[in-house]
Each structure stands twice: as structure tokens, then as C-alpha cells.
Amino acid sequence: MSRYEPAQIEAKWQQAWDERQVFLARHDPARPKYYVLEMFPYPSGRIHMGHVRNYTMGDVVARYKAAQGFSVLHPMGWDAFGMPAENAAMATGIHPKDYTYGNIAEMKAQLRPLGLSFDWSREFATCDPEYYGQQQAMFIDMMAKGLAYRKAAVVNWDPVDMTVLANEQVIDGRGWRSNALVERRELTQWFFKISDYSGELLSALDGLTNWPEKVRVMQANWIGKSRGLQFSFTTHNAPEGFDRLEVYTTRPDTLLGASFAAISPDHPLAKHLERHDPAVAAFVAECRKGGTSAEALETAEKLGLDTGVRVLHPFDNSWDLPVYIANFVLMDYGTGAIFGCPAHDQRDFEFATKYGLGIPSVFVTEGTDEAPLAEAFVPMKSERVRYIRGFAGPDLQTGEEAVAAAIAHCESMGVGRGVTNYRLRDWGISRQRYWGCPIPVVHCDACGVVPEKKENLPIELPYDVTFDIPGNPLDRHPTWRNCACPACGAPARRETDTMDTFMDSSWYYARFTAPHAKTPTDAAEAAYWMNVDQYIGGIEHAILHLLYSRFFARAMHATGHLPAQAIEPFNALFTQGMVTHEIYFTLERQGQTIALEDHSSELARKVYHLPEDVEHREGGVFLRTTGQPVGVIPSAKMSKSKKNVVDPMNIIGAFGADTARWFVMSDSPPERDVEWTASGAEATFKHLSRVWALCSRIGDMPADHIGIGDADLTRATAKAVDEVTRAIESFAFNKAIAALYGFTNTLSRANASTAPMKQAIRTLAKLMSPMTPHIAEEVWAYQGGAGLCTTAPWPVADPALLVDDTVTLPIQINGKRRAEISVPVDMPAAEIEKLALADHDVVKFLAGQPVRKIIVVPGRIINVVV
RNA sequence: GCCCGCGUGGUGAAAUGGUAGACACAUGAGACUUAAAAUCUCCCGAUCGCAAGGUCGUGCCGGUUCAAGUCCGGCCGCGGGCACCA
């Protein structure tokens, strides 16, 4: 062993692992299984530091669990459908398929040198017909169960690209790519009935105790359960067939503050009026302009139109309210109609103010006649109390109590019933896109919408398509649409919409258990491998991907593709932080460089610089070329435009994979962001070099070494095993690494004999191996370890060695540390007490004061109270 | 607006209610060297002191406790999620 040369040893050991197929997942009923999965990547073509961190975390867990004796499944694949491939086709003319598979090959070539313990034999891409064909089969099964259905819905329509956009793809009311003003358009689309599972998806969150609380809260908010009253108004002056108006409210306790009723522009009554009244038609059209995105809604002014219809207050037939069409009422929540209570609702207040409607209050602050806006649940006095006596008296403390009482009261009066509503809407999956999984249905003039026969699957995407004009290439393909009706055999047309790519990632974890099965899953394999024991990925998937997957696992169970055990597919979830980097910039104004202090001057513009173009020296950061000072933005997300991206391939080239892996796991807790620094990377490399040097110098200790001897070395080793094991178990990789630093320092100072030293270094190698598997193998082999370090069992610490013979106890006087004593670990408390009070420093501090109390916590601390 | 989470040295961070700052980065000092690099050693919260040592210190104010970074209440600041959801 000479110098630490990662390039050589890393390639060597990767080859050794491959040849022995040590990462092949084996279905072995005799052993417990462990399924660790990192969220699979979109094949952009380049890996980034986020991938390195994500996959290293999974790799640490996988290697650790394998060493613990588990049969480990650690697969990798590609989330390969999606818009970037089509955008690339439009921009460069490369076919999405060639683009995607080319990127996969490139990314795989970049992942390989990291030495990750993936079972590549299970690899697949979601754009493989073998994969999406099974997805089509499940779609057909879901149709049969009523879990997939068609309905008309209002969507964001990009008139330039001629496709539906997701809300996230609408920015300031414009398409994110085309920049065209997005329209609200009603289209018939495919939906999954995720709303059937709202209650269960919510309540089952309680069982996900190994998920981050944050994610569970976000999902709970997204599902959005509310309890309220649904009742119908009797209408007056309404068109035929509309003699009742059904509304939903979560605040039935404020019914007496009613001032108006309002319906959505998409409400059946609005649609009816639209056909007969040009003013209504114009107003409704106005409302439909502008997208359904959050931004569009936020800036939208409250608009309303009086329909002339009136409704009677349910508590008082002599009291009637106007009915408005209002742009802020959503058709797909509740009943699409509300009662307006301006005194107790901000929106209703704005609306009532704008249209000059009354603002009657239910609650009046004691001692005044004023009713503060939205100040509910205060003791009330009002002549209208007669209506609500019995359900909102002063004894009600909380809003929930008042609502529950109000519902009960209304029900007893025969006014409506208590209803639980969810915010979660059905999942619209139709996309007018080429690069996605074709929806396997056929439109027949005679039979209507008919599912494709399963023996005809996969319905493959045609290769001969063009991207020179906007819209869906499948729509204008000359022949692909043409087919025979699966029901009657007559000429028919294929559906040209493809599925939302979130569907591809909603079941891939299940497919990994039997990636080449002729059905979506294999019952025996799924029974053995499911669930995923540890899932690792970014917080950005906290809602959509994870919620869709939870729904889809249930749908797969309902259609016989997953066992009941797997309806919550991820036993434990870990959301890792980002890898960040400083941003370096100078300032320019009108092309001229200006001083950093002038940042407030008008038209000052930041010019960003690459990390390699700046140098850190005393006094700050400076540009290498001109020496001028550079501004620094600390710890920012890596982004090409800010020029603060670090390419993992450059790091691996300069320092090796082990350095990259060790660095991204060290310092910061895994759930937090970690800042990449050049000095940190170098320091990591130096540390690994020290381990290397330590290893090669055994038996060659300097004579004057004053470090620990054999017995202490054994204890130190046991403690390192204990610390590292517990840290990895609790996902505290930064602490595992801190313990390994400490152990390495101890070893480098040890003055032990050769055999125990070699044993200790082999243990060090094994403890390091989940993080830095290559150098671990090399050290292991050099120190005479049997077989591969990777397949060696995880060491177990002898509990007896974890306890020292003597222990140093701090002595506090009135809570302040004043002295310490060293005592045998098993000394009785009474004796410790005696020793402590006799201690020279204690005597000095007490200065004769009487001791009122003394607390001895064995092995911990002594506190003397005077 | 509603719902979460977080505030500890120059920096990243440790700390079952029990010695705050482990481990590391940066800075500084020193050794080796003709020199530099590499390597090694030491210091490294603030403050008073020659020193021994003292005092203060985990965003702020209060509380519980023999003992609080940790638990409770109230503020302040930062970050994240959701949002015409009736």
C-alpha cells in the first residue's frame, strides 16, 4: 500500500462486487427481508449532488441491513415519461424515445462509479412497453371497478400548446412554456376516484408512525376534512326544476347572519340561466376567463351578478335573501352553492361590501352593540337569539362545539343534516401529450367508450410522429387511432390522451418486486417483498406522489394486484435535505462593474461566477482573474443560472466516490440541507488518506507512542461499534461519521500490539463500509479480513465492554459545577455522597454552610444544595 | 389568513431533564523543510485575571425543577406548506 488512489481501488472493488453478484436481491423465505428504496430519478441525462446524497443514504441503509443478515432488495429504475422529452423533441428534433433512452444510458454510466449496491437486474424504465402495458392492464381493471371514470371538468387549457396544464404549470395565468394566457375550459377527462378513499387516506395517516410528522400534516391538510351542515333553501322566482337550492356550510352557527346566497358560475342553475339570459351568459363567460391556478385566483376580484332568484331563510319564512352568481364559489366543493354571512367570513364580507348587501351579526360583544368581524363564539345578545337558543348558548367554549350543537339543532328542526366533506378532489389523469402511457380505451360509434382487450396490450406508442407543430402528435398520426372496437369489431378510434406521469410512479415500487412478471405484480413476490421498509426522497413529493401512491396501492389491492398488507406501501419514509452551495456574484450597472456596496443603486444587476473562478483568502472572496471582491450568498439551492452547481462527476474524478459519499453524509443531519464546500471535500479526502496511512503503518509504531494499550483499544472498539450502530439505526449518519472520526483518532494514537490493532482496523473498515465501501474493502483485505468486507457480518459490541470501571462524576453546588470525583462505577450512592462532601473543592466552596439536600444520580452527576 | 417546523461559537453541528459546544470546517500559533506543498502538534463562546480561577452565555420575558438548550406559558425573528374549500 502506498498512496491512497481512489480511482484504482474503486473500479477494482466494483468489479469484484459485480462478479460475485453480491447485490442481487434473493427471495429467501428463511431470512427476513428488507426493502429499501430511493425515489427513482427522471432521466435528465446528468446526475447531480442531490442524487448522490439520496442514493448514498439508501445505500448506507441497504449495506447495513445486508450486513445484519437481511435479504435486501435495493432496486433502481427510471421515471422516464414526461414533458422534458417532448420539449427536447420540439427544440432539437430528437425523438423523445431516443432522447430518453440516451439519457438513461448516460445517467447509468454516471451512477455506476458511485459504487451503489443496486440490484441492476431489476432495472426498468416506465417508458418500457413491458412496464406501461401492465399499467394499462391495471387501468382496465380499475375501470371495471369504477375507480377510473370519465367526466367533464374545468381545466387549464393552453391555447398555444393545445394541451391541458396542471395547476403547477400555470404561472401568473400563463402557460409556463408557451407564455399564452391560460383559459378555463370544460373537457371530458379521465379521473381516478381517489375521493372514495378520502376518509381512509386521512385516518390511516395515524398509523404511519415512521413518517415525518411534517409530511403527515401536509397530507392531512391536503385531504382537508370538514364537518358542516348541508341543507336546502326554498327558492322564489326561480326557473322550473330549481325550487330548492342545496348549500353546504361549516358554520351553521352563523346561519342567522345570512345576507345572501351565492352559486358557482358552473352551478346547474347558473348554466340554466345562462341559456336564457344574455347578461348571465356574459357574466359567466367573464368568470371562466383566467385560469384556475392559485395565482389567478388570488388576484381575482370578487365578482357577482344578482340572478333575481330569492331564497327563504330556513328559520324564518318571512325573511328572504338574494341569490348571486359569484366567481369565488367553486362548483366542486360542497354543493357549489353557499349562504353568505358577511359578518363572520372575510370573503362574504368583501362581497357584501362591494354589492351593498347587509351585514347582520350573530354575535355581539358583551357590553357593546358592535359585532367585530369574524369574532365568533363570544357570549351573545341579540333579538335573534330566539332562533338559536339551545344550540349556541354561552356555555359553548369552542367553535367545534358550537358547530356540532348547531348541526344537532338544525337536524332536530328538520333543516338539513350533518355532512363531512373533503377538499381532496378526484385525480384527473388525462394529458394531451405524446410521451406518456396511452389510455387503453377505444371510442366506438355504436358501443361508446370501450376498454381495450387485455390480450392486445400493450397499446404501444407509435414511433413515427412529428413535433413541428403544437398539440398532441397522437391526434394527427395518420393511422394510429384507427382500430377495431373490442366489443363489436366495427372500425373505431383509439383514445389519444395519455396518462399523467404521476401514475407511472404510483406503483413502480410494487413492480420492482417482480419486474418482468406477465401480470402487473406476482403474488408470491409481492407477499415476500412488500412493503417498502424504508423509502427515501425529497420533501417536494410530500403530497402528490406519496398520496397518489397510497391511493394506488389501495386501488391495486381492490383489483387484486397487491395483498392487503401492502395498502400502505411505505412503512417508513425519510425526506432528505438538499445539497446547497454558496453563490458568488459581482455587480454591474449598464455593463460596467460597480462596487458591491452599491447594491442599492438602480439598475444594479448581479453577475454570477463559477466556484472555480473565485478564491477564498484572508479578508473575503475574490475573483481569480481581476482580484476584485466577490459577494457571497450562503447555502443556496444549486442552480445553473446562479452558477453554483457542483458536478458529482468532477468530484469523483478528483477525489473518488468514497469522498463524495462521505462528505454528503457528514456534518449536517440528513433531513437538513448540507452545504457543499471545496474545503470540506478536500478535508474528507485527507481524512480517508489518514485512514489509509493508519492502515499501512501497523506494526511500525513509533517507540515513544503514548496512546492507549490493548485493553483500552478493545473498549474503544466496542464503543465505536455501539455508537455507529445506534446512529445508523436512527438515521443520524452525521453522528455515525463523527463517531468514526473519533475512533480513527483513537486508533492513530494507539500503542497496541499488532494483532488487536489489525482487528480494530478491520472493525473500523466494516463500520465505514456503508458510507465508504471501496476504501473499506481495500483496508479489510490489507488487514487480512476474510472474504469481502461488504458481505462480512456487522460487528456486535459486547455490553460488558461498554461500561467503564470508573466514572468521573461532576459535583454541582446549587446547580453550578464546582468539582469532580472519580469513583468505581458500582459504588453505592451513600458512599459517593460521603466522598463528594469530603472533596477538597467542595469543602472549600461550602465554607461551612449546612447542606440541605444532596442528590446523587449514579453514573451521572451529584448536586449539593445549601 | 390558516397549519406546521426551527432559533446553540466565525461556520456545519453535538448534547436519555444531569459537566453546553462532541465531531468537523475556517482562522491563528508552532514543528519539520533551504523554501513551498504535504504532514504533524497546539489554541480556538464572551469577559475579568500574570495565573489559579471567577462571572456571563443556547432568540427575548416569565414559570416548573435540586438541576432547563431540552418541559410549560407568552413574545420576537426566520423557514416551509396550504389557501376564494364556504
Side-chain angles (χ1 to χ4, degrees), chain A residues 212-222 224-226 228-230 247-252 254 261-262 264 292 294 296-302 326-330 332-341 344-348 350-351 374 421-425 539-540 542-543 580 616 618 634-635 663 666-669 671-675 677-684 686-687 689-690 693 723 732 734-745 748 808-820 841 852-866:
Chain A
E213 176 70 18
K214 184 188 171 77
V215 174
R216 290 190 286 158
V217 167
M218 281 164 72
Q219 292 218 351
N221 289 344
W222 186 264
K225 182 178 182 172
S226 70
L229 178 78
Q230 188 165 319
V247 300
Y248 173 73
T249 177
T250 56
R251 291 297 304 278
T254 66
S264 165
T292 53
L297 293 169
E298 194 168 1
T299 50
E301 205 185 339
K302 297 213 167 17
N327 65 342
F328 66 89
V329 180
L330 306 173
D332 50 6
Y333 188 78
T335 60
I338 62 163
F339 90 88
C341 178
H344 304 286
D345 181 283
Q346 184 65 37
R347 285 162 316 189
D348 295 349
E350 284 171 34
F351 190 82
N421 263 332
Y422 295 92
R423 217 179 61 98
L424 186 66
R425 302 178 210 174
I539 186 75
E540 67 273 21
I543 296 172
T580 62
H616 292 71
E618 204 185 337
S635 200
F663 184 93
S666 64
D667 289 339
S668 284
E671 68 275 16
R672 233 178 280 180
D673 292 352
V674 64
E675 177 158 302
T677 62
S679 59
E682 270 171 50
T684 299
K686 284 177 189 173
H687 172 71
S689 300
R690 273 194 297 274
E723 279 182 71
N734 56 322
K735 285 193 257 172
I737 283 178
L740 285 167
Y741 270 115
F743 187 42
T744 307
N745 289 343
S748 66
T808 303
L809 296 178
I811 304 175
Q812 295 183 332
I813 295 172
N814 286 340
K816 276 187 194 294
R817 183 184 172 280
R818 296 299 185 186
E820 61 181 37
D841 285 328
R852 288 199 306 185
K853 193 173 178 183
I854 179 162
I855 290 131
V856 177
V857 185
R860 277 286 171 197
I861 204 165
I862 302 154
N863 195 6
V864 181
V865 187
V866 293

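Below, all heavy atoms of this structure are taken into account, side chains as well, without hydrogens, waters or symmetry copies.
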Review point. What interatomic distance, in whole Å, is found between P of B:A14 and the corresponding atom of B:G63?
Key: 31 Å
**Study point:** Whole-Å distance separating the CG atom of A:Asn814 from the C1' atom of B:U19
**Key:** 16 Å
Practice item. Please measure how far the P atom in B:C60 lies from the corresponding atom in B:G69, and state the result in whole Å. Key: 11 Å
**Study point:** P gap between B:U70 and B:C32, integer Å
**Key:** 49 Å
Study note, to complete from the structure: Paired to B:C32 by Watson-Crick or G-U wobble criteria (both distances under 3.5 Å) is none
Practice item. Quick one: pull up CD1 in A:Ile862 and CD1 in A:Ile813 and give me the separation to the nearest 0.5 Å. Key: 10.5 Å
Revision key, fill the gap. In whole angstroms, the gap separating P of B:C84 from CZ of A:Phe339 amounts to 20 Å
Review point. When the P atoms of B:G81 and B:A26 are considered, how many whole Å apart are they?
Key: 33 Å
Check your understanding: Between A:Met218 and A:Ala542, what is the shortest heavy-atom contact and its length?
Key -> CE-CB, 3.5 Å
Review point. Base, sugar-phosphate, or nothing for A:Asn745, non-hydrogen atoms under 4.0 angstrom?
Key: sugar-phosphate
**Study point:** A:Glu675 side, atom CD; A:Thr580 side, atom OG1 - distance, nearest 0.5 Å
**Key:** 4.5 Å
Exercise for review: To the nearest 0.5 angstrom, please state how far the CG atom of A:Asp348 sits from the CD1 atom of A:Ile338.
Suggested key: 4.5 Å
Review point. Hey, does the Lys NZ or Arg CZ of A:Lys302 hover above the aromatic six-ring of A:Phe351, less than 6.0 Å from the centre and inside 45° of the axis?
Key: no
Exercise for review: Give the rounded distance in Å between these two atoms: CG of A:Leu424 and P of B:C82.
Suggested key: 14 Å
Revision key, fill the gap. Answer for the Watson-Crick or wobble partner of B:C82, both distances under 3.5 Å, is B:G1
Check your understanding: Toward the 5' end of RNA chain B, which comes first, A:Val329 or A:Glu682, by nearest nucleotide?
Key -> A:Glu682
Practice item. Please evaluate the base of B:C85 for a donor-acceptor partner in the side chain of A:Arg347 within a cut-off of under 3.5 Å? Key: no
Point to revise | Atom C1', compared across B:C82 and B:G28: separation rounded to whole Å | key: 49 Å
Practice item. Measure from the side-chain heavy atoms of A:Arg423 and tell me the nearest of B:A22, B:C25, B:C85. Key: B:C85
Review point. To the nearest Å, how far apart are A:Arg690 CZ and B:A38 C1'?
Key: 12 Å
Review point. In Å, rounded to the nearest 0.5 Å, how long is the span from CZ of A:Arg423 to CG of A:Leu330?
Key: 10.5 Å
Check your understanding: To the side chain of A:Phe328, which of B:C25, B:C84, B:A86 is closest?
Key -> B:C84
Practice item. Please measure how far the P atom in B:U41 lies from the corresponding atom in B:C25, and state the result in whole Å. Key: 12 Å
Point to revise | Distance, rounded to the nearest Å, where A:Arg425 contributes CZ and B:A83 contributes C1' | key: 11 Å
Review point. With respect to the side chain of A:Ser679, which nucleotide from B:A24, B:C25, B:C84 is positioned closest?
Key: B:C25
**Study point:** Rounded distance (Å) that lies between atom C1' of B:C23 and atom CZ of A:Phe663
**Key:** 14 Å
Exercise for review: Map A:Ala683 and A:Lys686 onto RNA chain B by nearest heavy atom, then report which one ends up closer to the 5' terminus.
Suggested key: A:Ala683
Check your understanding: If you look at every strand shown and take non-hydrogen atoms under 4.0 Å, does A:Tyr248 touch a base, only sugar-phosphate, or nothing?
Key -> base
Review point. CG/A:Asp667 to OG1/A:Thr677 distance, rounded to the nearest 0.5 angstrom?
Key: 8.0 Å
**Study point:** Whole angstrom value for the distance that separates C1' of B:C3 from NZ of A:Lys225
**Key:** 17 Å
Study note, to complete from the structure: Regarding the side chain of A:Asn327, the nearest nucleotide among B:C84, B:A22, B:C85 is B:C84
Study note, to complete from the structure: Partner of B:C6 under the Watson-Crick or G-U wobble criteria, both distances under 3.5 Å, comes out as B:G77
Exercise for review: Starting at the 5' end of nucleotides 4-18 of chain B, put B wherever the base has a protein heavy atom under 4.0 Å, S where only the sugar-phosphate does, and a dash everywhere else.
Suggested key: --------BSSSB-B
Review point. Could you give the CG-to-C1' distance, from A:Leu229 to B:A86, as a whole number of Å?
Key: 12 Å
Check your understanding: Expressed in whole Å, how much space separates the C1' atoms belonging to B:U27 and B:C44?
Key -> 9 Å
Exercise for review: Establish, with yes or no, whether the OP1 or OP2 oxygen of B:A86 is under 4.0 angstrom from a side-chain nitrogen or oxygen of A:Tyr333.
Suggested key: yes
Point to revise | For B:G12, the Watson-Crick or wobble counterpart (both distances under 3.5 Å) | key: B:C23
Point to revise | Base partner of B:U65, which must satisfy Watson-Crick or wobble distances under 3.5 Å | key: none
Point to revise | Carboxylate-amine/guanidinium contact A:Arg216 A:Glu213, below 4.0 Å | key: yes
Practice item. Could you give the distance separating B:U64 and B:A52 at their C1' atoms, to the nearest angstrom? Key: 37 Å
Review point. Closest to the A:Ile543 side chain: B:C40, B:C66, B:C82?
Key: B:C82
Exercise for review: If B:G17 has a Watson-Crick or G-U wobble mate with both distances under 3.5 Å, name it; if not, just say none.
Suggested key: none
Check your understanding: NA contact type, A:Val247, heavy-atom cut-off 4.0 Å: base, sugar-phosphate, or nothing?
Key -> nothing
Exercise for review: Assign the ring pair A:His687 / A:Tyr741 to parallel, tilted or perpendicular, where the plane angle (0 to 90°) is split at 30° and 60°.
Suggested key: tilted
Revision key, fill the gap. Contact string for nucleotides 53-58 of chain B, one letter per nucleotide 5' to 3', B = base within protein heavy-atom range under 4.0 Å, S = sugar-phosphate only, - = neither, reads -SSS--
